[in-house]
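Okay, so here's the structure we're looking at.
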Amino acid sequence: MMTQSETYNQVVRIIADVFRTTADQISAATEIEKIENFDSLERLNLFLKIEQDMRVNFDMNQMIAFRTVEDIVTAIQERT
Amino acid sequence: MNKLALLSNINMAPAQNVLSTEGWDEPYICEYGQHLRDLLDPGSSLNTGQYHTVWVHLDAQELFKDLLFTLPDAEQLKERWQEVTQAIQAWQVEHPSVNVIVSNLVLPPSLFTNFLEPRGDFSFSNIEQQLNQSLSELKGVHVLDAQRLFRLYGYQSLCDEKYWYLGRIRYTNLGFECLCRELKRLDRAVAGKVYKVLVCDLDNVLWGGIVGENGVNGVELSEDGVGKVYRDVQKTIRALKQLGVLLTINSKNNEDDVREIFAKNRMMALAWEDFVVPHINWNNKAENMQAIAGQLNLGTDSLVFIDDSPQERMLIRETMPEVAVPDFPRDVAQLQRWLVEDVIYEYFGRVELTESDQLKTEQYDRKIKRDIQAEGLDLKSYIKSLQITVDVIEDDVSELKRYHQLTAKTNQFNLTTRRYQLQELEEFLNEPDVGVFALRYADKFGDEGIVGLAIVRYDGGAERAHIDTFLLSCRVLGRDVEHAFMDKILKAIRRRGMTSVTAEFVPTPKNRPASGFYEKCGFTAKGEHQYRAPIDDLVSNNYRLAS
């Protein structure tokens, strides 16, 4: 089972990869829709990748509700 | 060039990375719902790009929309389907050199018609079957069997409803990976880029255990449990011969022990005679692989090697990276499924089959016998001893599939290595200004069938013929058959009233055996790799060579 810190680091890595940015541009408080290169398709790609790489499954309402990086990390920790 | 265009009525954007990983150059994915516009608009990205393959993948729910919420109306469903398939067919006719691949439709397994479905009266799935059947009637179109993937993996593992409702993305990551992998395999099969030989280890591949330790009847091979896995594997490997795949052995064993198990174990589904040039010894397996390829006169890139030993697999991968070496399953229960799904579909895909394919093992047995006969003879005496007869047929449409196979697979003695689609070859056969010549070969060891192909374009106005394609199967190289073939073709050209002939040689890494051929025929070089000569000079020169 991953620690909160490990989960956060992995989520940040995935976000940086999907949005073609760098990890130092992202923090727990970062709002997903404000990340550079954000668009609605990349948002879906982000969750596709998180679900695959981190072996989690979000439900639809959760995915709609996510605002910040911290929201995602918390949801993953609750599921694992 | 390996460019792909993907047309779909749903959002397939997440396939982009998967397609690039599968080796497609700059895959183009049409905008959501613009598949018909791309097909019909001459200025679309599809029609202005130059794509090697076009894949049309339609989602059944999106195609039929509200029609799936009323009792099945076959006519309306058919009309929606035909709107697209007719556009696909029209596009394909305009672009015969492009591989067009269309996925068959997959309806969701849960429909409001529930238990009425299997009855037939109110059945969407019956109509789905009929619509999918109609795909096979489209000319020049190959079907990607998406239904097979859904049966294999299950709808729920390939599809995710939340992505559908949020962004019209139907598939999970697994779904995209499976579809894109299937596309790549099918595209390779359409292009004829398939392997030719399955090289098998023996212990723990064809039977459980080690024959040298367990003895002939002590290995696991039966109609029960683990033994049945191996028996089913043997049956599948044996069945591959019918697809034209050659079977051989590369095993560290005493040959006597192996021959004994083939002779005496009654559960063996494979016979010794099913294999060509088996290599059973204590030599390095990479050396054996080289020897196998040499004896079969095939490149090592034609070989697929299956072995349970990770060390042996690593040896071949590192020393012979051109040989395909799939990973071997750890769980013996998965062995049969792995063999079909990960070996046969991956390396031995077929979209057509000829009678010649089914006789491959016998053909290679005859080749070995000829090679034995050749030992100790000079070339002229050897060729004479074969009692060769050749026959050249012109514009015979009955062997169309074999012509396609030859253009797709012949590398060594192929002067221009042009790969033509089936439809293009059919057009050549019907075109009055194109001659398609095929060479049939037989000798005292047997009939090899069609082993050579030439395509000649006539320019009546200039009284000139151009040899567009000239190729010969590697099975008959080294017997001067190429000059007999050229002799007949030149005489046919002269009968057409042509006074000169041009030709070209396009060098590739594999066709060095063909370099110098046109010079030997009597052509004069005119520019880089271009040749020309008066017909009368060529006819008399080649008659002498062919005699």
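Each chain gets a letter, A, B and so on, in the order its sequence line appears, and its residues count up from 1. Quantities reported herein were computed from a predicted structural model and do not represent experimental measurements.
- Contacts of B/Y171 with chain A are made by backbone atoms alone, with heavy-atom separations under 4.5 Å and no side-chain atom involved.
- Other residues, nucleotides and ligands contribute at most 12 non-hydrogen atoms within 6.0 Å of the CD atom of B/E31.
- Of the two parts of B/Q16, neither the backbone nor the side chain holds a non-hydrogen atom closer than 4.5 Å to a non-hydrogen atom of chain A.
- Atom CD of B/Q156 is surrounded by 12 or fewer heavy atoms from other residues, nucleotides or ligands within 6.0 Å.
- Going from atom CD1 of A/I64 over to atom CG of B/L166 covers 5.0 Å, rounded to the nearest 0.5 Å.
- The 12-atom threshold is exceeded at CD of A/Q52, counting heavy atoms of other residues, nucleotides or ligands nearer than 6.0 Å.
- Heavy atoms of A/L41 lying under 4.5 Å from chain B belong exclusively to its side chain.
- Interface remark: B/N17 contributes no atoms to any contact with chain A (heavy atom separation under 4.5 Å).
- Taken to the nearest 0.5 Å, the CG atom of A/L48 stands 8.5 Å off from the NZ atom of B/K162.
- Between chain B and the options A/K49, A/R43, A/E51, heavy-atom pairs under 4.5 Å are most frequent for A/E51.
- Within the 4.5 angstrom heavy-atom criterion, no atom of A/N61 approaches chain B.
- Nearest approach of B/G167 to A/L44, heavy atoms of both residues: CA-CD1, 3.4 Å.
- Once rounded to the nearest 0.5 Å, the distance linking OH of B/Y163 with CE of A/M63 reads 4.0 Å.
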